[in-house]
**Q** 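After the structure tokens below, expect a handful of questions from me.
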Amino acid sequence: MFNGIEQEIPYMNKASDIKRLTKGFSKDEKFVLDDKYLIRLFPLEDAKYRRNEFETIRALSSLSVFVPEAIEFGVQEKLGLAFMVLTYLPGCDGEEALCSMTERDQYLVGFQAGMELKKLHEYPAPEGTVPWSVSKKRKNDRYIEELILLEDIDKEIISNLINYIRSNEYLMKGRPNRFQHDDFHPCNLIMEGMEFTGFIDFQRMDWGDPLHDLQKLGFFGVKVSVPFSIGAIDGYNGGEKISEEFWRLFALYSAMHVVSAFVWGKKMGEEQFELLYNYAMDVLRDHDDFRESIPRWYREMI
């Protein structure tokens, strides 16, 4: 049925109904077993770091019921595969679900997702993790070096981005080192009916300032739903007035993401470059070339 792998993998060999999942950008092979379990298969050489992901999911599931339970991790050397078994979260991804909701319901789903993300951010980074201000600056410095070499980006845009980041990167000093989903936007959330039902796709997980997890809302989230994105920020902040520090960090991380989008877009070919270039330019406009910390889509909707 699936090249015989279902006979060799625990849980698959006992399932009466197996469905392959193909949606998403992950290279994992994914199967739903009896509408109860999700199994992810990946190369054996990835087992070590994917086990860390599995153990982190297990810990996070104790902080929020919206994280799948981590059931089993194993390797199949004969097949050259490793696998993890998680509980299956029914529903559809947020990009698909939100388009059929009212703006009010989109906001409420975002609010709940933001509140639950805040719970996950209580999970601390492993002891010995490099301080966030050091690791993030190191990574961004490499991107800036590559950005300067790009000929497709207006030199004034490059100069303004670099000056803005250099003037504000001090804000990262002393920021906490905690769990980051690192891909928080509607495509990686599951919804059923009008309800948020869970987080998926933890493969990009990282450690650092938890506020960094929200910057992709301005890059990808608003393309799906502005009310959802506003709700997620409000829910993350518990519905309270949002501090100036929050917005300054949000803007800084958004600027850093613009830099990496330009660089990665160029590496991924002209079609992807054009897409990410347009997204990045929208972020620049939303922040008035980073003269504004609060993005236009938030300012104009509240």
Side-chain angles (χ1 to χ4, degrees), residues 25 95 132-173 175 180-188 204 206 208-226 228-230 232-233 236 242 244-301:
F25 296 101
E95 184 173 20
W132 166 251
S133 60
V134 175
S135 62
K136 184 61 178 177
K137 176 174 168 50
R138 189 180 295 158
K139 182 184 293 185
N140 189 70
D141 284 350
R142 290 197 299 268
Y143 282 133
I144 284 177
E145 288 175 6
E146 295 183 66
L147 176 68
I148 292 171
L149 301 177
L150 296 184
E151 298 179 354
D152 304 65
I153 312 297
D154 186 283
K155 297 305 178 186
E156 185 176 356
I157 291 176
I158 292 176
S159 177
N160 288 342
L161 272 172
I162 294 173
N163 289 337
Y164 175 77
I165 291 170
R166 294 294 187 230
S167 298
N168 288 277
E169 58 190 7
Y170 74 92
L171 294 168
M172 298 190 295
K173 291 183 179 179
R175 292 298 300 166
Q180 296 173 335
H181 182 279
D182 208 36
D183 213 11
F184 176 75
H185 56 84
C187 290
N188 290 325
R204 294 178 61 94
D206 205 347
D209 185 354
L211 295 191
H212 185 268
D213 249 353
L214 296 169
Q215 49 84 22
K216 283 188 179 177
L217 291 171
F219 208 85
F220 299 114
V222 294
K223 297 292 188 290
V224 178
S225 169
V226 170
F228 167 88
S229 301
I230 292 174
I233 287 176
Y236 189 86
I242 300 174
E244 180 181 351
E245 180 189 31
F246 174 94
W247 284 122
R248 292 181 70 189
L249 284 162
F250 182 89
L252 173 63
Y253 297 146
S254 297
M256 289 176 165
H257 193 181
V258 167
V259 171
S260 62
F262 284 146
V263 172
W264 270 107
K266 197 61 181 173
K267 291 178 179 179
M268 295 170 70
E270 286 306 310
E271 183 177 347
Q272 193 69 13
F273 174 70
E274 183 176 355
L275 176 67
L276 292 179
Y277 176 87
N278 289 331
Y279 279 20
M281 294 303 292
D282 286 343
V283 173
L284 286 167
R285 282 187 286 270
D286 286 337
H287 286 273
D288 193 16
D289 293 328
F290 290 103
R291 287 185 288 269
E292 289 280 355
S293 296
I294 305 175
R296 182 175 304 165
W297 49 266
Y298 191 94
R299 297 196 310 268
E300 292 182 353
M301 287 288 287

**Q** Does a side-chain N-to-carboxylate-O contact under 4.0 Å join Asp282 and Arg285?
**A**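 Answer for the salt bridge query: yes.
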
**Q** For residues Arg142 and Val263, determine if any side-chain heavy atom of one lies less than 4.5 Å from a side-chain heavy atom of the other.
**A**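 No, too far: nothing below the 4.5 Å cut-off.
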
**Q** Looking at Asp152 and Lys266, is any side-chain nitrogen of the basic one under 4.0 Å from a carboxylate oxygen of the acidic one?
**A**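 Looking at Asp152 together with Lys266, the answer is yes, because their closest N to O distance falls below 4.0 Å.
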
**Q** Considering all heavy atoms of both residues, which atom of Pro186 and which atom of Gly221 are nearest to each other, and what is their separation?
**A**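 Closest pair (atom of Pro186, atom of Gly221, distance): CD-CA, 3.8 Å.
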
**Q** Once ring pair (Phe, Tyr, Trp, His ring centres under 6.0 Å) is applied, do any residues pair with Phe250, and if so which ones, sequence neighbours excluded?
**A**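 Only Trp247 meet the ring pair (Phe, Tyr, Trp, His ring centres under 6.0 Å) criterion with Phe250.
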
**Q** Side chains of Tyr143 and Phe262: closer than 4.5 Å at any heavy-atom pair?
**A**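 Of all side-chain heavy-atom pairs linking Phe262 with Tyr143, none is under 4.5 Å.
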
**Q** If you define the side chain from C-beta out and look only at heavy atoms, does anything of Phe246 sit under 4.5 Å from Ile233?
**A**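 In short, these two side chains touch, coming nearer than 4.5 Å.
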
**Q** So which atom in Asp209 and which in Gln180 form the shortest heavy-atom distance, rounded to 0.1 Å?
**A**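 Reported closest heavy-atom pair: O-NE2, 2.8 Å.
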
**Q** Quick one: do Ile148 and Ile162 satisfy side chain to side chain contact (heavy atoms under 4.5 Å, CB included)? Show the steps, please.
**A** CA-CA 9 Å; Ile148 292 171; Ile162 294 173; 3.9 Å; yes

**Q** Check Val283 against Gly218 and note the closest heavy-atom contact, atom names and distance.
**A**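 Minimum heavy-atom separation between Val283 and Gly218: CG2-O, 3.6 Å.
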
**Q** Can you name the nearest heavy-atom pair linking Ile158 to Leu150, along with the distance?
**A**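 Closest pair (atom of Ile158, atom of Leu150, distance): CD1-O, 4.2 Å.
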
**Q** Between Tyr253 and Trp132, what is the ring plane arrangement, given parallel below 30°, perpendicular above 60°, and tilted in between?
**A**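 Ring orientation, 0 to 90° scale: perpendicular.
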
**Q** Starting at OG of Ser260, measure out to CG of Leu147 and round the result to the nearest 0.5 Å.
**A**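 Reported value, rounded in 0.5 Å steps: 10.0 Å.
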
**Q** Please report the interatomic distance CD1(Ile165) to OG(Ser254), rounded to the nearest 0.5 Å.
**A**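 Going from CD1 on Ile165 over to OG on Ser254, the span is 10.5 Å.
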
**Q** Rounded to the nearest 0.5 Å, what separates atom CD in Glu169 from atom NZ in Lys137?
**A**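 Glu169 CD to Lys137 NZ: 3.5 Å, rounded to 0.5 Å.
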
**Q** Do the side-chain N and O atoms of Asp213 and Tyr236 include a donor-acceptor pair separated by under 3.5 angstrom?
**A**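 Looking only at side-chain atoms, Tyr236 and Asp213 do not form any donor-acceptor pair under 3.5 Å.
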
**Q** Using side-chain heavy atoms (C-beta onward) and a distance below 4.5 Å, is Asp141 in contact with Arg166?
**A**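 A side-chain contact under 4.5 Å exists here.
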
**Q** Which residues pass the ring pair (Phe, Tyr, Trp, His ring centres under 6.0 Å) test with His185, not counting sequence neighbours?
**A**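 Applying ring pair (Phe, Tyr, Trp, His ring centres under 6.0 Å) to His185 gives Phe220.
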
**Q** Please identify which of these residues, Lys139, Gln215, Met172, meets the side-chain contact (heavy atoms from CB on, under 4.5 Å) condition with Met256.
**A**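 Considering Lys139, Gln215, Met172, a side-chain contact (heavy atoms from CB on, under 4.5 Å) with Met256 is found only for Met172.
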
**Q** Could you list the residues that satisfy side-chain hydrogen bond (donor to acceptor under 3.5 Å, both in side chains) with Gln272, not counting sequence neighbours?
**A**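 Testing Gln272 for side-chain hydrogen bond (donor to acceptor under 3.5 Å, both in side chains), a comparison that skips the adjacent residues, returns none.
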
**Q** Can a donor-acceptor pair be found, under 3.5 Å and without considering hydrogens, that links the side chain of Ser167 to the backbone of Asn163?
**A**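 Checking the backbone N and O of Asn163 against the side chain of Ser167, a donor-acceptor pair under 3.5 Å is found.
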
**Q** Show your reasoning for whether side chain to side chain contact (heavy atoms under 4.5 Å, CB included) applies to Arg138 and Val134.
**A** CA-CA 6 Å; Arg138 189 180 295 158; Val134 175; 3.2 Å; yes

**Q** Quick check for you: to the nearest 0.5 Å, what is the distance between Leu249 atom CG and Glu244 atom CD?
**A**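 The distance works out to 10.5 Å.
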
**Q** Got a donor-acceptor contact below 3.5 angstrom from the Lys173 side chain to the Ser133 backbone?
**A**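 Checking the backbone N and O of Ser133 against the side chain of Lys173, no donor-acceptor pair under 3.5 Å is found.
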
**Q** Calculate, to the nearest 0.5 Å, the distance between atoms OH and CD1 belonging to Tyr298 and Ile242 respectively.
**A**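 The distance works out to 3.5 Å.
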
**Q** Can you tell me how far NZ of Lys136 sits from CZ of Arg175, rounded to the nearest 0.5 angstrom?
**A**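 One gets 13.5 Å once the value is rounded to the nearest 0.5 Å.
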
**Q** Nearest heavy-atom pair of Val222 and Ser229: which atoms, and what distance?
**A**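 Val222 and Ser229 have their closest heavy atoms at N-OG, 3.4 Å.
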
**Q** Over all heavy atoms of both residues, which pair between Phe290 and Ala251 is shortest? Give the atoms and the distance, please.
**A**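 Residues Phe290 and Ala251, closest heavy atoms: CE2-O, 3.2 Å.
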
**Q** Does a donor on one side chain and an acceptor on the other come within less than 3.5 Å for Asn188 and Asp183?
**A**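 Looking only at side-chain atoms, Asp183 and Asn188 do form a donor-acceptor pair, the distance falling under 3.5 Å.
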
